[in-house]
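What follows is a single structure, written as structure tokens, with notes after it.
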Number of protein chains: 2
Amino acid sequence: MNHAARDVLNHHALRATDGRVRILEALRDAGRPLRVGELHDRLGTDRPDLVTVYRTLDRFVASAIARTVLLADGIRRYEIADQRHQHHLTCTECGRIEPLPFCEFSSLEALALQKHGFRVTDHMLELFGTCRDCAHHPR
Amino acid sequence: MNHAARDVLNHHALRATDGRVRILEALRDAGRPLRVGELHDRLGTDRPDLVTVYRTLDRFVASAIARTVLLADGIRRYEIADQRHQHHLTCTECGRIEPLPFCEFSSLEALALQKHGFRVTDHMLELFGTCRDCAHHPR
DNA sequence: GTTATTGCAAAGCGTTTGCATACCA
DNA sequence: TGGTATGCAAACGCTTTGCAATAAC
């Protein structure tokens, strides 16, 4: 585990400091996009400074190790970028964020080009609603 | 024009102060989502305080006169809410934001429910790319 | 006249920067 | 050893809050 993280850092020509390894692992373990503060909280005792987390995440994004995720609340979150472009289901009851394993927009992008002369290079889609658990156990 | 704005405010049980009328008109005239600072700048001389713009926009959102728009940069923007739920094309070259007059997601929402037990109540979609003008006049 | 709204100042919060120290390669 | 990364403190920008003065109804 530890080695894998170091390898990733080395591969991206980033010095494999203890802080970076732990930040990368925390991001990986989370399985969902994390806010900077959340990530910092997860680093446990003797953790790197919050400022270091900010700087490290910037580095990770610049190196395409991580990417930012933007949801409707306007808060920037980060996730590991080793998977394909991804969307999320955000439960408005409990706040849980679940990755959405599909992405079908070729028709929409074709429409944008036809009707607006707009060539789509990227898109953002987020769905909000009630997750299974909250539907079964309403508050 | 002025009367129309006052009517809207009265209809929502908001006192029709000069500042609110001007903020509502500016939002209307913009034709695209505005940041708080942008909106404030557009209010011209003897304009209300920036704090008032913040408070007024909160009121407008609470009264469903306006709504917030969130794009990939994480900056909150506001637009008049008198039209249907809307998406945007954002040009990454010139920054222009263009409304997208369609929204087709029933199939996606059905899929989320089937596969994830997730009932979608809202969604956000933003497309990014190169607009017609920038494609014709590259920098 | 009563209550909501405004301006001003200041606090808050998340994020960034400067700089000296500590660390990795 | 040389250059990068870190911690700490402080600056920064956007947003919110407290409170007295003001204006709408």
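Here is how names work: the chains are called A, B, and so on, in the same order as the sequence lines, proteins then strands, and each is numbered from 1.
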Assign each of A:Val36 and B:Leu14 to its nearest nucleotide of DNA chain C by heavy atoms, then name whichever residue's nucleotide is nearer the 5' end.
B:Leu14

When rounded to whole Å, the CG to P distance for the pair B:Leu57 and D:dC14 reads 15 Å

Let me spell it out: for each of B:Asp18 and A:Ala13, pick the nucleotide of DNA chain D with the closest heavy atom. Which residue's pick is nearer the 5' end?
A:Ala13

Between A:Thr17 and D:dT6, does any side-chain N or O lie under 4.0 Å from OP1 or OP2?
yes

Member of B:Thr56, B:Thr52, B:Asp58, B:Leu50 meeting the side chain to side chain contact (heavy atoms under 4.5 Å, CB included) criterion with B:Tyr54:
B:Leu50

Rounded to the nearest angstrom, tell me the gap between atom CD in A:Glu38 and atom C1' in C:dT15.
16 Å

What's the closest nucleotide to the B:Ala16 side chain, out of D:dC25, C:dT6, C:dA9?
D:dC25

Among A:Leu14, A:Val21, A:Thr17, the one residue meeting side chain to side chain contact (heavy atoms under 4.5 Å, CB included) with A:Arg6
A:Val21

Checking C:dC23, C:dG7, C:dT16 against the side chain of B:Thr52 (C-beta onward), the nearest is C:dG7

Can you tell me the distance, in whole Å, between the CZ atom of A:Arg6 and the C1' atom of C:dC23?
12 Å

Please determine whether any donor N or O and acceptor N or O are separated by less than 3.5 Å between the side chain of A:Arg55 and the base of D:dG7.
yes

Closest to the A:Asp49 side chain: D:dT6, D:dG7, C:dT15?
D:dG7

same_hphob_cluster(A:Val51, A:Val61) at 4.5 Å side-chain heavy-atom cutoff
no

Please report the distance, rounded to the nearest Å, between CZ in B:Arg22 and P in C:dT6.
12 Å

Rounded interatomic separation in angstrom, taking CZ from B:Arg77 and P from D:dT15:
11 Å

Of all the choices, D:dT16, C:dT5, D:dC8, which nucleotide is nearest to the side chain of A:Val51 once you look at every atom?
D:dC8

Should A:Glu79 and A:Arg32 be marked as a salt bridge (charged side-chain N to carboxylate O under 4.0 Å, His left out) after you check the CA-CA gap, both sets of side-chain angles, and the distance that decides it?
CA-CA 7 Å; A:Glu79 69 178 5; A:Arg32 65 174 180 84; over 6 Å; no

Describe the nucleic acid contact of B:Arg20 in one word from base, sugar-phosphate, nothing, applying a heavy-atom distance below 4.0 Å.
sugar-phosphate

Could you check how far CG of A:Asp58 sits from C1' of C:dT15, rounded to whole Å?
9 Å

Rounded to the Å, how far apart are B:Tyr78 OH and D:dC14 P?
14 Å

Using only side-chain N and O atoms of B:Arg59, determine if any of them is under 4.0 Å from OP1 or OP2 of C:dT5.
yes

Mind checking whether B:Ile80 and B:Leu43 sit in one hydrophobic cluster, side chains of I, L, V, M, F, W, Y counted as touching below 4.5 Å?
yes

Would you say the base of C:dT3 and the side-chain of B:Arg15 have a donor-acceptor pair closer than 3.5 Å?
yes

A:Leu9 CG - D:dT6 P separation (whole Å):
10 Å

